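Following: one structure in structure tokens, then a few remarks.
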Amino acid sequence: MKKTVLALAMGLLAWHAKAQNTCATAVPLVMGNYYISQIDGMEVPEPVCSTGGDMATAGEWYAYTATMDTAITVTTDLPQNNGLDTRIQVYVGSCGNLTCYAGDDDSGTGYSSTITFDVATGTTYYIAFDNRWTNAGFTFHVGFAGPGPVVNGFSTVYLPTNGMAYCVVDMNNDGLDDAVSVTANTITINYQNSNNGFTTVTHNTATASNTPSWSMCAGDLDGNGYNDLVYASGGLSFMMANDSGTAYTTVNQPQYIFCQRSNTVDINNDGRLDAFSCHDVAPNVYYINNGNGTWTWHQGGLGDTPDGGNYGSIWIDYNNDGLIDMFIAKCRGGQSQASIDQLWRNNGDGTFTDVAPAMNLADYQQSWSSAWADFDNDGDMDVMIGASSFEGGGHKLMRNDGTTFTNVTAGSGFDLYNGTSIEFIARDFDNDGYVDVLGGGSLLHNNGDMTFSQATVPFSNGPTGDLDHNGFVDVQNDNTLYLNAGNANHWITVHTVGTVSNKNGIGARVEITSPMGNQIRDIRSGDGFRYMSSLNAHFGIGSDTTVSSITVRWPSGIVNTVENPPVDGMVTVVEDPTSSVGIAEPATAVITAFPSPATTVLYVDAPSKLIGRTATIMDLAGQVLARPVMEHGSVDVSALASGIYLLKVETTSGSKIAKFIKN
């Protein structure tokens with residue numbers, strides 16, 4: 001007798017086991033597909049728990065031991081079985097003393113069988129097939145059928161929007177997510193009130209030559225404390241917030257780009273956010289922030305396929321080295337090289353290398369986006385690469401095993417999900433501590449064991465955030481806001497404020513520890529394909545009522561820890577180069593040091609008057625290395641070795657710090 005596990009939707013990965021002929025030798029089941037080549041086991045399943053009588057003469061035996069209180073489905077109603085006549089018996093008890101628990105005959109298509117039943121943690125259920133109607137071989141599937149996200153529903157709220165409503169992010173620096181919509185010459189912001197509800201303000205702007213017909217992203221590009229917007233279509237336009245967040249200056253970039261996904265991210269790790277855009281018909285492009293209101297255009301080095309096909313870029317630290325990497329979900333069709341996904345590893349020296357082949361991610365696929373999260377809470381980022389069509393083989397769930405990614409789609413629930421979408425994102429919607437996947441109007445609920453159950457939700461993809469500050473993820477669809485009513489699960493939200501790193505802390509790794517274990521999030525600007533979602537790190541912690549620590553690993557290399565933070569609320573962690581403990585309030589504005597990298601002279605630009613004639617140069621741990629004399633707002637750094645440093649100067653508004661690179 002052979003049992004074959006389906007490893008891919010159309011492929012077979014066989015392993016042999018002749019032990020399922022009796023109850024005592026029943027083969028343990030996990031979620032997935034199984035193949036029975038013939039029913040010829042010597043022990044007949046008895047008693048009969050379904051219809052059809054007791055005329056069977058052979059059986060095949062399996063056992064499922066529940067790891068959680070839920071419901072599972074066992075079914076032969078699969079296309080490859082063509083309605084074959086099968087019968088299922090389900091028992092509890094012990095071999096030789098079994099009691100019927102469930103059973104089915106003919107509930108599926110044709111004469112196939114399907115049964116859903118509740119299971120309790122720690123209980124073993126014996127599942128047997130007999131030859132009452134046929135002894136021919138067939139495939140059966142075991143999957144979770146429990147509820148989707150256990151929330152109390154979603155209420156709808158009308159939001160005044162104008163044009164393209166692609167952004168949920170804090171726009172007035174109060175820590176609360178706001179809802180943003182734009183036209184070529186207006187920015188309408190629904191500012192979230194601290195006592196619930198919204199205040200709607202429309203800001204008029206100079207005309208943007210590029211409206212965000214494809215994507216929008218956000219971040220504090222100039223470090224003044226207020227988020228700016230990046231529009232992407234036939235190129236990029238920056239909408240720069242003033243120093244009070246009450247007006248916006250339009251900065252149109254002249255270069256043509258067939259934009260797809262855009263991101264703000266600190267590509268060269270100099271403490272300033274840069275702007276990246278996928279290019280559909282040429283190599284990707286990015287603008288390096290010079291720190292003085294100007295930008296330097298680059299093309300290539302981060303996705304060089306000549307005819308593009310670059311759709312869904314997302315910046316994550318896949319290898320836990322503290323450097324932000326980028327994955328591109330690619331799409332072209334026709335078996336083009338432009339449809340082979342890429343993973344660009346940050347080498348730490350300003351260059352990136354495509355390591356997708358070595359990491360088992362260089363697959364041909366039709367995909368516009370990917371959902372990255374630590375789905376199994378083992379401390380590294382996994383990925384679900386979502387299909388926009390099934391030409392490239394469908395959805396893929398790839399588990400991060402450190403040295404490579406392993407395809408674990410078979411039995412995960414994504415192998416049965418037949419929906420497609422250009423938008424897939426990862427969020428914990430029910431705050432159970434396991435990250436779910438939203439895509440195309442379906443929510444794939446994480447069951448906590450790297451399997452997912454499909455649930456229908458009343459919304460399609462859109463920007464997400466906590467728009468009523470109840471600690472649960474909400475979704476915006478144009479002018480309708482779907483507020484998550486939540487449940488009894490607890491949560492914590494982490495708001496990062498960089499001082500040496502970029503102001504938002506984009507690229508930071510946030511880790512929390514609670515009784516259920518560790519969870520991680522990366523702060524990212526722009527995921528999925530089109531939308532911009534909250535820059536806060538949101539964690540559900542289930543029934544846990546305490547968090548022992550929050551650790552933030554900043555792009556600068558600084559690590560800050562907050563011990564025993566309060567739960568069911570927001571905690572602000574400010575980057576502190578001199579302490580391992582987070583600060584409760586944001587720091588004042590930092591200075592700008594340029595150029596970076598510097599060779600001999602470093603120039604200083606501060607928002608207030610410089611005091612004194614000396615500066616302090618430190619390493620990233622805060623150790624003082626030198627106190628050079630300042631001459632006309634500049635510092636001689638020619639004696640420094642190559643590396644990354646901190647510069648501290650005194651101004652009329654206090655000490656200011658900047659990070660710089662020395663060649």
Side-chain angles (χ1 to χ4, degrees), residues 148-149 151-205 208 211-218 226-227 229 231 239 241 245-248 421-423 425 427-431 436 438-443 455-487 491 493 526-536 538 570:
V151 298
N152 295 318
F154 293 84
S155 60
T156 58
V157 172
Y158 171 79
L159 283 181
T161 60
N162 192 15
M164 301 165 185
Y166 293 169
C167 189
V168 167
V169 71
D170 177 15
M171 295 298 289
N172 58 352
N173 200 19
D174 64 355
L176 300 177
D177 291 323
D178 308 308
V180 184
S181 59
V182 305
T183 69
N185 53 18
T186 64
I187 300 174
T188 298
I189 304 176
N190 290 281
Y191 293 102
Q192 185 181 170
N193 300 327
S194 60
N195 59 348
N196 289 326
F198 299 88
T199 299
T200 305
V201 177
T202 295
H203 304 277
N204 296 317
T205 69
T211 56
S213 55
W214 288 110
S215 72
M216 186 192 302
C217 60
Y226 293 92
N227 282 321
L229 301 174
Y231 302 169
M239 308 302 291
T246 57
Y248 294 83
S421 179
I422 64 173
E423 293 281 352
I425 59 171
R427 307 283 188 272
D428 184 358
F429 278 88
D430 61 344
N431 284 357
D436 314 306
L438 177 66
S442 293
L443 194 139
T456 300
V457 288
F459 44 79
S460 59
N461 280 75
T464 67
D466 184 0
L467 286 161
D468 56 356
H469 47 275
N470 72 340
F472 287 80
V473 176
D474 310 308
V475 179
Q476 183 186 359
N477 285 175
D478 296 321
N479 60 9
T480 301
L481 175 61
Y482 291 88
L483 294 176
N484 187 338
N487 54 33
W491 55 277
T493 297
D527 59 0
F529 173 72
R530 173 169 291 176
Y531 303 109
M532 175 67 207
S533 295
S534 176
L535 288 169
N536 294 327
H538 167 257
M570 180 184 293

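In this text the structure is predicted, and so the values were computed from the model without any measurement. One-based numbering along the sequence shown. Just so you know, these numbers use all the heavy atoms, side chains as well, and skip hydrogens, waters and symmetry mates.
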Note: His469 and Ser194 closest approach over all heavy atoms is NE2-O, 3.0 Å
Q) Is the closest side-chain donor-acceptor distance between Asn162 and Thr183 under 3.5 Å? A) no
I'd like to know whether Leu229 forms a side-chain contact (heavy atoms from CB on, under 4.5 Å) with Ile187, so could you lay out the CA-CA distance, the side-chain angles of the two residues, the decisive distance to 0.1 Å, and finally the verdict.
CA-CA 10 Å; Leu229 301 174; Ile187 300 174; 4.1 Å; yes
- Is Asp466 reaching over with its side chain to a backbone N or O of Val473, donor-acceptor style, under 3.5 angstrom? no
One should read off an interatomic distance between Met570 CE and Thr493 OG1, to the nearest 0.5 angstrom, of 5.5 Å
Output for pair (Ser460 OG, Tyr482 OH), nearest 0.5 Å, gives 7.5 Å
Is it the case that Thr156 and Thr480 place a side-chain donor and acceptor less than 3.5 Å from each other? no
| Side-chain donor or acceptor of Glu423 paired with backbone N/O of Arg530 under 3.5 Å | yes
(Q) Has Asn190 got a side-chain atom pairing as donor or acceptor with Val180's backbone, closer than 3.5 angstrom? (A) no
Taking Ser533 for the side chain and Thr464 for the main chain, is one N or O donor matched with an acceptor at less than 3.5 Å?
yes
* Test item: Leu535 and Asn227 side chains (from C-beta on) under 4.5 Å apart, heavy atoms -> yes
Between Phe459 and Phe154, does the ring-ring contact (aromatic ring centres under 6.0 Å, His included) criterion hold? Intermediate values first, please. CA-CA 9 Å; Phe459 44 79; Phe154 293 84; 4.9 Å; yes
Requested in this report: Report the C-alpha distance between Thr188 and Thr161 in whole Å, list the side-chain angles of each, state the deciding distance to 0.1 Å, and finish with yes or no for side-chain contact (heavy atoms from CB on, under 4.5 Å).
Outcome: CA-CA 7 Å; Thr188 298; Thr161 60; over 6 Å; no
Heavy-atom closest pair (Asp178 atom, Tyr191 atom, distance to 0.1 Å) is OD1-CA, 3.3 Å
Does Gly440 offer a backbone N or O that forms a donor-acceptor pair with the side chain of Ser421 under 3.5 Å?
yes
- Answer yes or no: is there a donor N or O on one side and an acceptor on the other, between the side chain of Asp436 and the main chain of Leu443, under 3.5 Å? no
task = Mind running side-chain contact (heavy atoms from CB on, under 4.5 Å) on Tyr226 and Thr246 for me, showing each step along the way?
result = CA-CA 9 Å; Tyr226 293 92; Thr246 57; over 6 Å; no
_Could you check whether any side-chain N or O of Asn477 sits under 3.5 Å from a backbone N or O of Leu481, counting only pairs where one atom can act as donor and the other as acceptor?_
no
When every non-hydrogen atom of Met532 is compared with those of Met216, the smallest separation belongs to CB-O, 3.4 Å
Item checked: Side chain to side chain, Asn461 and Phe529, heavy atoms closer than 4.5 Å -> no
Value for CG (Leu438) from CD1 (Ile425), rounded to nearest 0.5 Å, stands at 5.0 Å
Practice problem: Look only at the side chain of Asn185 and the backbone of Thr205, and say whether a donor-acceptor pair between them is shorter than 3.5 Å. | Solution: no
TODO: Step by step, work out the side-chain contact (heavy atoms from CB on, under 4.5 Å) result for His203 and Thr186.
DONE: CA-CA 6 Å; His203 304 277; Thr186 64; over 6 Å; no
Closest non-hydrogen atoms of Gly175 and Asn536, given as atom of the first, atom of the second and distance, are O-ND2, 3.4 Å
Of all heavy-atom pairs linking Asp478 and Gln476, the shortest is O-NE2, 2.8 Å
Exercise for review: Measure from the side-chain N and O atoms of Asp177 to the backbone N and O of Ala179, and report whether any donor-acceptor pair falls under 3.5 Å.
Suggested key: no
query = Is it true that Asp527 and Arg427 make a salt bridge, defined as a side-chain N closer than 4.0 Å to a carboxylate O?
reply = yes
Separation between OG (Ser181) and OH (Tyr166), nearest 0.5 Å, reads 11.0 Å
Review point. Short question: side chain of Asn470, backbone of Asn484 - any donor-acceptor pair under 3.5 Å?
Key: yes
All heavy atoms of Ala218 vs all of Val169, minimum pair found to be CB-CG1, 4.1 Å
